[in-house]
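Reviewing the structure listed below.
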Amino acid sequence: MATAAAPSILDVRADFPIFGRRIDGRPLVYLDSAATSQKPESVIAAIDDYYRRHNANIHRGVYTLAQEATEMFEGARERVAAFAGGQTETTIFTRNATEAINLVAYAWGREHVGPGDAVLITQMEHHSNIVPWQLLCEETGAELRYLDVSDEGKLSLEQLDAELARGDVKLVACAHISNVLGTINPVAEIVGRARSAGAVTLIDGSQAAPQMPIDVGALGPDFYAWTGHKALGPTGIGVLHGRRELLERMRPFLGGGDMIRTVDFQRSTWNDLPWKFEAGTSMVAEGVGLGAAVDYLTGLQMESVRAHERELVGYALERLREVAGVRVIGPRTAEERGGVISFELEGIHPHDVADLVNRENVCIRAGHHCAMPLMRRLGVPATARASFGPYNDRSDVDALIGALAQARQVFGV
Amino acid sequence: MATAAAPSILDVRADFPIFGRRIDGRPLVYLDSAATSQKPESVIAAIDDYYRRHNANIHRGVYTLAQEATEMFEGARERVAAFAGGQTETTIFTRNATEAINLVAYAWGREHVGPGDAVLITQMEHHSNIVPWQLLCEETGAELRYLDVSDEGKLSLEQLDAELARGDVKLVACAHISNVLGTINPVAEIVGRARSAGAVTLIDGSQAAPQMPIDVGALGPDFYAWTGHKALGPTGIGVLHGRRELLERMRPFLGGGDMIRTVDFQRSTWNDLPWKFEAGTSMVAEGVGLGAAVDYLTGLQMESVRAHERELVGYALERLREVAGVRVIGPRTAEERGGVISFELEGIHPHDVADLVNRENVCIRAGHHCAMPLMRRLGVPATARASFGPYNDRSDVDALIGALAQARQVFGV
Amino acid sequence: MDDLYRDYILDHYKRPRNFGELEPHDLEAHDHNPLCGDELGVHIRVADGKIVELRFHGQGCAISQAAASIASEEYVGMPLDEVGGLDGEWLIELLGIPISATRRRCALLNLKVMRGATTGDASWPNGGG
Amino acid sequence: MDDLYRDYILDHYKRPRNFGELEPHDLEAHDHNPLCGDELGVHIRVADGKIVELRFHGQGCAISQAAASIASEEYVGMPLDEVGGLDGEWLIELLGIPISATRRRCALLNLKVMRGATTGDASWPNGGG
Ligand SMILES: Cc1ncc(COP(=O)(O)O)c(C=O)c1O
Ligand SMILES: Cc1ncc(COP(=O)(O)O)c(C=O)c1O
């Protein structure tokens, strides 16, 4: 059963301080990277160094610290933009991916979506890529429609074509990788077809950016959103890459300091991109931390990160087949998946599964994974989910399999 | 000239690692706390410890790390609420003060402000308490009106009464302490009068929360906003205290994960307060850091922080009088002021002043301080501004005075 | 033996008491715990101000279902006006297992539903915050 | 002597050349640097495709005002179509002082205004980003 572990493609666990942690004397088996990733030493150290040596408010300060802080933050933006194939001036820092999507819903949506129009999303979206569109449609009288998810966890381009052919679709929003199914969606095709049909596209790359090479420029969506904390970076920062023409024409979203050029009593004018969409004091330490995170990922090479995830997912799919009563949800092969595996274990509710494997320090998630509509589509109240980061290896999968066997014993199933 | 420095009320510089920094071999004279504060060791260590030992996504995780992280974050919320005299469930974490104000403008303002209504703010507001209301008034057709600032930098309650008597004021928004003038506004009176006139109140406590004891409950505004990075806490987090009845009745602001109770294909229901207004992954490390910051401030006692600032401002006002050509802007006495002093130096543009004193590692700010309308009212293009934190003492003031004398020499004025 | 999933917990989970629907009934309520997708409804028959019969129905984790089953045996025969006075501690003690903060709402869901049905107060019982 | 505020910089700041207004004029532009509140306008007279006379006016820090004054002596006599080709480096070199990132826009404001007046392009010159 237990394998003579093949060497992993990446071997970087030692870079992540949290794995020095022992709980009840035993190491951590962290399989919840789809919820949030762990952080390498270099990211933690960058934040620490920022506060210890450089902390100052940015953009408007003349003194040395303020200049250093500004350069560190704007330098991080350059590297974050390059990491995802975006341009610096169209790479906007937000609070998280959720805020990035809301920014588009408010600042683009309210001007371009109205009664008789439709917003098209998919049944596999995260709540953060559903609720902003519900609010927008409720406010503007537009219709919210969904692309179906097949039993295998996939979208249909034919259905997309049919929806676009109706001629009312103003925006198509779709996850790059599903955080529940693991499905890697054909976003290049989706973006291309939507574009030909005159629809604006938003791709939610929250799961993709940390897992595979992304080239927003080549992919070509109008908006691409992702989130720092899932990409080895800090909490409190997300990214929105936008198409320049759209960003330039959009009204601002949040008003306040830094996003203005001039403020008069009754009227203001807006700052250049990207600052037009960054109101108030920036997430400076978070920007610096995210810069360190993309440096680290770039050092690993995203092709290797993707190969590593694929290899681990392949191994995990194989080993899960050994456990009686396991039903894996989503695409069948590791090629079609990101590093996420949702499953059910017969006779044990996912919430109990997660609690039981936690006794072996195996951290997995149970619940609706912020995707209640997908749960409804799949006909399950919840799933258990294991997901991977660059720091995982086969021994983590083995630990999960062992813990699942124990869980079955406790429940006598 | 140089004084045998009286002992300061607080003596805590050693708690702040950044003061170990030397630039060109000399220590830092940080006089820009109104822009952002420096961070004590305990705050930096709390963030570091969070990432090294506890990092996990919160609220929905069953495993140990997720439980710890949730308790750390929600525990921080309790202490942050208590620090400001607010209630835990009505203490909402935002990205910064700016977002907190925008939240109110969007989620409350768009439902309650319309054509024929007025929003009343003051000439001394920060852009973050101006632009959101401009955007709201532009969208809704309401009128944006201003309370004047006197030559001494004060508001007039008579004018407030007159404005309220017009019967159309739906909201009064006002800074607790001006970030330019230092003026401590009579917010209890303002809130009381506005309330009697049926207007909702928002107090911008960005400068007050770090400097003096705040009791939002006793003060009684409908909304009170402040920002973590000015209160010894991290960037990327702000606070909005709201009145429960209003928050409960308001539509959500940002839609996404965590702020929902249920999501169906077309409709969602909202989570309890405060989470209804916190969409997407929370600023977990930032919450933990802000919790450590309020613990630190509580340890110092906010009465002492206020006394310390008052003492320093008194000393600085006195010493600035020694410098020929200095004109101080704002209230005359330290009693009427927070720890902020804006001034002009005859014959030298504020930007040059800031650059020149930086040669002595004296960090002050020059510019419009995100208060362009106030600059217009004062008839100045910009000011120089020195501001204080608990870590400053008289030697910092002395350094500023010395550097100003040198600046005058360079310019031959 | 497992601390949390004791034999009697698993027994109540697998063979819940007072489970099903009750038609006709006098009181009812339905609620859920979005955290884990637990759903629970209750049908209650009342006579002389007392709960004379009751059925829970729904689906969820072992803790939520076992808790409903165990507590159901207490609710039957209870004066209606006592239900509103029951708090989270009562239920946790009744279960006799160490309930962590994360599982608290699983355990308390049945009490929430009962209070909803009898008092109209649909908030979480004390300690379910 | 000070590195940045050299004597000739302060001299140009205190007694700026080509300062004032010019009526009538052929070209004009006005702009500002919100960072420090610098404002600068220009009036230009043109003959035979050349700048024959020019006046800056405005207020601001020593760097922005001195830079305008120093550069004004270069602009006079320059063929109009050369202005658009001038970049930030040209100006920084002309000033002969070490300009930090924060002060760059102060130094470049006059070139921005000149380009606005002659080419209609109101973006920051190279290096003023
Ligand atoms: C009075 C006042 N209000 C609001 C703000 C905005 O705070 P933040 O930029 O953190 O949102 C500031 C500081 O920048 C301020 O001084
Ligand atoms: C696919 C997907 N989209 C959006 C999000 C939202 O990210 P955040 O909570 O950081 O805004 C997540 C993660 O929670 C996700 O997995």
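The model shown is predicted, which means the values in this text are computed figures rather than measured ones. By convention in this document, chain letters (A, B, ...) are assigned in the order of the sequence lines, proteins followed by strands, and residues within each chain are numbered from 1.
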(Q) Counting only heavy atoms not in D:Glu23 (residues, nucleotides, ligands), do more than 12 fall under 6.0 Å from its CD? (A) yes

Q. Measuring heavy-atom distances to chain B, does D:Ile63 have an atom under 4.5 Å in its side chain, in its backbone, in both, or in neither?
A. both

(Q) Could you report the tightest heavy-atom contact between D:Asn18 and D:Glu73, atom names first, then the distance? (A) ND2-N, 4.0 Å

Q: Please report the C-alpha distance between D:Leu22 and D:Ile44 in whole Å, then the side-chain angles of each, then the deciding distance to 0.1 Å, and finally whether the side-chain contact (heavy atoms from CB on, under 4.5 Å) criterion is met.
A: CA-CA 7 Å; D:Leu22 203 58; D:Ile44 302 174; over 6 Å; no

Q | Contact class of B:Met375 relative to chain D, heavy atoms under 4.5 angstrom | A | neither

Q. Charged N to carboxylate O under 4.0 angstrom, D:Asp26 versus D:Arg45?
A. no

(Q) Using side-chain heavy atoms (C-beta onward) and a distance below 4.5 Å, is B:Leu28 in contact with B:Ile23? (A) yes

Step through the atoms of chain D and chain B and list each donor-acceptor pair whose separation is under 3.5 Å.
unit_1: D:Asp2; atom_1: OD1; unit_2: B:Arg359; atom_2: NH1; d: 2.6
unit_1: D:Asp2; atom_1: OD1; unit_2: B:Arg359; atom_2: NH2; d: 3.3
unit_1: D:Asp2; atom_1: OD2; unit_2: B:Arg359; atom_2: NH1; d: 2.2
unit_1: D:Tyr5; atom_1: OH; unit_2: B:Asp352; atom_2: OD1; d: 2.6
unit_1: D:Lys14; atom_1: NZ; unit_2: B:Phe411; atom_2: O; d: 2.4
unit_1: D:Pro34; atom_1: O; unit_2: B:His368; atom_2: NE2; d: 3.1
unit_1: D:Cys36; atom_1: O; unit_2: B:His349; atom_2: NE2; d: 3.4
unit_1: D:Ala62; atom_1: N; unit_2: B:Asp352; atom_2: OD2; d: 2.5
unit_1: D:Arg103; atom_1: NH1; unit_2: B:Asp355; atom_2: OD2; d: 2.4
unit_1: D:Arg103; atom_1: NH2; unit_2: B:Asp352; atom_2: OD1; d: 2.8

Q: Decide yes or no on side-chain contact (heavy atoms from CB on, under 4.5 Å) for D:Val42 and D:Tyr75, but give the supporting numbers first.
A: CA-CA 11 Å; D:Val42 73; D:Tyr75 296 136; over 6 Å; no

Q) Between the side chains of D:Thr119 and D:Asp121, is a donor N or O closer than 3.5 angstrom to an acceptor N or O? A) no

